[in-house]
2 protein chains.
Amino acid sequence: MAERETDRSVSQTVRAQLALRDLILSGGLRPGERISELQAVETIGVSRTPVRMALVRLEEEGLLEAIPSGGFMVKAFSERDILDSIELRGTLEGLAARFAAERGVSARDLEPLKECLGEIDGLVRQDPISVEAFSSYVALNARFHALLTELSRSPPLIRQIDRASALPFASPSGFVMAQSALPEAHQILLIAQDHHRIVVDAIENREGARAEAIMREHARLAARNLRLALRNRTHLDLLPALALIRSVAD
Amino acid sequence: MAERETDRSVSQTVRAQLALRDLILSGGLRPGERISELQAVETIGVSRTPVRMALVRLEEEGLLEAIPSGGFMVKAFSERDILDSIELRGTLEGLAARFAAERGVSARDLEPLKECLGEIDGLVRQDPISVEAFSSYVALNARFHALLTELSRSPPLIRQIDRASALPFASPSGFVMAQSALPEAHQILLIAQDHHRIVVDAIENREGARAEAIMREHARLAARNLRLALRNRTHLDLLPALALIRSVAD
DNA sequence: TCGAACATTTCTGTATACAGAAATTGATAA
DNA sequence: TTATCAATTTCTGTATACAGAAATGTTCGA
């Protein structure tokens with residue numbers, strides 16, 4: 001939707017995949033809705049073959065579901081599904097943190113993580129926090145988690161975490177936090193940042209069990225947060241995947 | 001390879017996927033080897049389109065890797081990759097066991113699991129254990145783990161576990177345990193069955209933490225087991241994915 | 001007015017054709 | 001003999017054509 005002119009640097013398949021994913025996450029396609037290949041062809045502007053490839057990939061990714069009679073539909077998730085996904089992700093990240101701690105990381109390896117930590121600090125110290133700062137936080141937070149995951153040095157685990165993140169971190173491209181929810185969100189950010197600091201410390205000190213435990217706690221915070229957001233119908237959480245939750249969408 | 005005549009009950013894509021996966025797991029395609037679409041078309045007997053679909057699915061599944069310049073190759077795994085995958089799987093199954101315990105399962109829900117437990121008991125009580133009994137065990141064990149996973153009642157978790165099982169449980173269709181390795185394997189089976197009994201008991205008694213812990217321990221047994229198998233170059237382990245390990249294949 | 005059966009239309013799954021890129025082979029020169 | 005360059009061949013990515021199935025709309029009968 002952003003650019004219409006053919007971008008030759010990216011394959012048609014990838015383009016279709018990105019376009020479809022964004023369409024799903026932004027709510028352009030509702031949960032349960034059947035996806036018409038021909039319609040997608042028109043919308044995206046590529047042929048059926050790459051669209052089809054993208055559909056298969058998105059199904060494997062977990063955003064689509066195959067219809068027995070043929071074709072795909074947007075997968076619908078319950079509130080519990082999302083909460084479970086968050087806990088699942090926390091468990092995997094806990095394992096990653098433990099791996100990082102137990103296998104030993106050099107000070108040099110920890111550097112990017114600490115740097116990221118510092119950048120986040122700069123944001124969350126603002127009082128009151130701005131909407132822009134919050135958007136930056138979302139990006140930085142994602143980077144922090146990615147860096148942490150990388151530290152495990154375990155390709156299978158990294159892969160799995162990437163997959164598990166699809167839902168909890170699913171976020172349409174142009175998400176912005178509502179102004180009214182900022183103060184409460186700020187409080188949560190401060191706690192989350194505490195967790196971040198602790199896990200880095202635990203890894204540095206080779207305390208695997210502690211590193212694992214804090215990441216699980218971190219996930220529990222996110223879950224509590226989401227539960228609150230759902231109850232209040234606000235977007236104060238860090239996880240704007242709400243469009244996918246059927247029980248809310250309906 | 002089994003049937004050549006067109007099986008109309010299954011789609012061409014699924015047929016291609018199964019054929020390719022079996023070809024990879026049985027070692028017909030070596031790790032690192034590039035997969036020629038046209039060659040696959042000839043071997044499997046379907047057109048390029050379904051082959052292509054199958055390749056994409058197998059890549060998402062983690063058995064193939066995309067080549068930057070185009071096409072796919074069989075993914076190569078290190079010994080550590082496989083060990084990590086086992087621990088990863090154990091961690092996820094631990095979470096599943098905890099979910100099952102905490103969320104409460106009725107006696108009726110536990111019935112299939114207990115029945116499976118009993119069947120395995122019948123096998124492992126044999127002394128000496130037969131090669132056939134061992135093959136049966138492999139199947140029953142997979143069923144036990146699947147049933148346990150189901151008890152979590154968490155679709156996202158079940159999905160992740162299925163993905164995570166791709167490697168640890170990867171097994172070509174006609175695998176049989178070597179006669180010489182049976183006694184040692186039998187010992188391991190007995191311990192594994194102890195774990196199975198404990199986890200069922202823990203779930204029944206709503207002891208989430210205990211259920212989780214024992215599944216992790218269970219994975220650690222499998223990992224130790226595989227490590228031993230790799231050192232001795234025997235197939236005494238329960239995880240015949242060795243064909244995928246490059247450090248062994250080389 | 002409602003329901004069922006038939007015809008029409010649309011859509012998916014599969015096969016194939018085509019273009020551009022990559023790899024391989026062969027030839028020539030140092 | 002070896003290295004380099006060019007020509008050829010092969011392969012992938014994409015588009016499109018076709019057949020069968022599913023869904024939809026319409027018409028006829030009760």
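Letters A, B, ... mirror the listed sequences (proteins, then strands); counts begin at 1. Below, each value reflects all heavy atoms present in this structure, side chains not excepted, and no hydrogens, waters or symmetry copies.
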For A:A96, which residues count as a side chain to side chain contact (heavy atoms under 4.5 Å, CB included) partner, sequence neighbours excluded? A:S152, A:L157, A:I161
Suppose we screen for side chain to side chain contact (heavy atoms under 4.5 Å, CB included). Which residues come up paired with A:V41, at least two apart in sequence or across chains? A:R48, A:V51
Do A:D81 side-chain atoms and A:S78 backbone N/O form a donor-acceptor pair below 3.5 Å? yes
Residue set satisfying side chain to side chain donor-acceptor pair (under 3.5 Å) with B:Q39, at least two apart, ordered chain then number -> none
So that I can tick it off, tell me whether B:R163 and B:E60 are bridged by a salt bridge, with the cut-off set at under 4.0 angstrom between side-chain N and carboxylate O. no
Sidechain N-carboxylate O distance under 4.0 Å for B:K114, B:D109: no
Length of the [atom1]-[atom2] vector between [X] and [N], whole Å:
{"X": "A:M53", "N": "C:dT14", "atom1": "CE", "atom2": "C1'", "result": "12 Å"}
{"X": "B:R52", "N": "C:dA15", "atom1": "CZ", "atom2": "C1'", "result": "14 Å"}
{"X": "A:R15", "N": "D:dG13", "atom1": "CZ", "atom2": "C1'", "result": "13 Å"}
{"X": "A:I67", "N": "D:dA22", "atom1": "CD1", "atom2": "P", "result": "13 Å"}
{"X": "A:F72", "N": "C:dG13", "atom1": "CZ", "atom2": "C1'", "result": "11 Å"}
{"X": "A:Q12", "N": "D:dT12", "atom1": "CD", "atom2": "C1'", "result": "14 Å"}

For each nucleotide in nucleotides 6-11 of chain D, reading 5' to 3', give B when a protein heavy atom comes within less than 4.0 Å of its base, S when such contact involves only the sugar-phosphate, and - otherwise. -----S
Going by heavy atoms in the side chains, are B:L64 and B:I24 under 4.5 Å from each other? yes
Using the six-membered ring wherever Trp is involved, compare the ring planes of A:H145 and A:H196 and label them parallel, tilted or perpendicular (cut-offs 30° and 60°). perpendicular
Think [X] has a side-chain N or O under 4.0 angstrom from the OP1 or OP2 of [N]?
{"X": "A:S47", "N": "D:dA15", "answer": "yes"}
{"X": "A:T13", "N": "D:dT14", "answer": "yes"}
{"X": "A:S69", "N": "C:dT12", "answer": "no"}

Expected output check: what is the dot-bracket annotation of DNA chain C, where ( ) and [ ] are pairs inside the strand (brackets for crossing ones), | is paired with another strand, and pairs are Watson-Crick or G-U under 3.5 Å? ||||||||||||||||||||||||||||||
How is A:T49 classified with respect to the nucleic acid when contacts are heavy atoms under 4.0 Å: base, sugar-phosphate, or nothing? base
Closest nucleotide among D:dG13, D:dT14, D:dA17 to the A:R48 side chain: D:dA17
Quick one: salt bridge (Lys or Arg N to Asp or Glu O under 4.0 Å) partners of B:E119, sequence neighbours excluded? B:R143
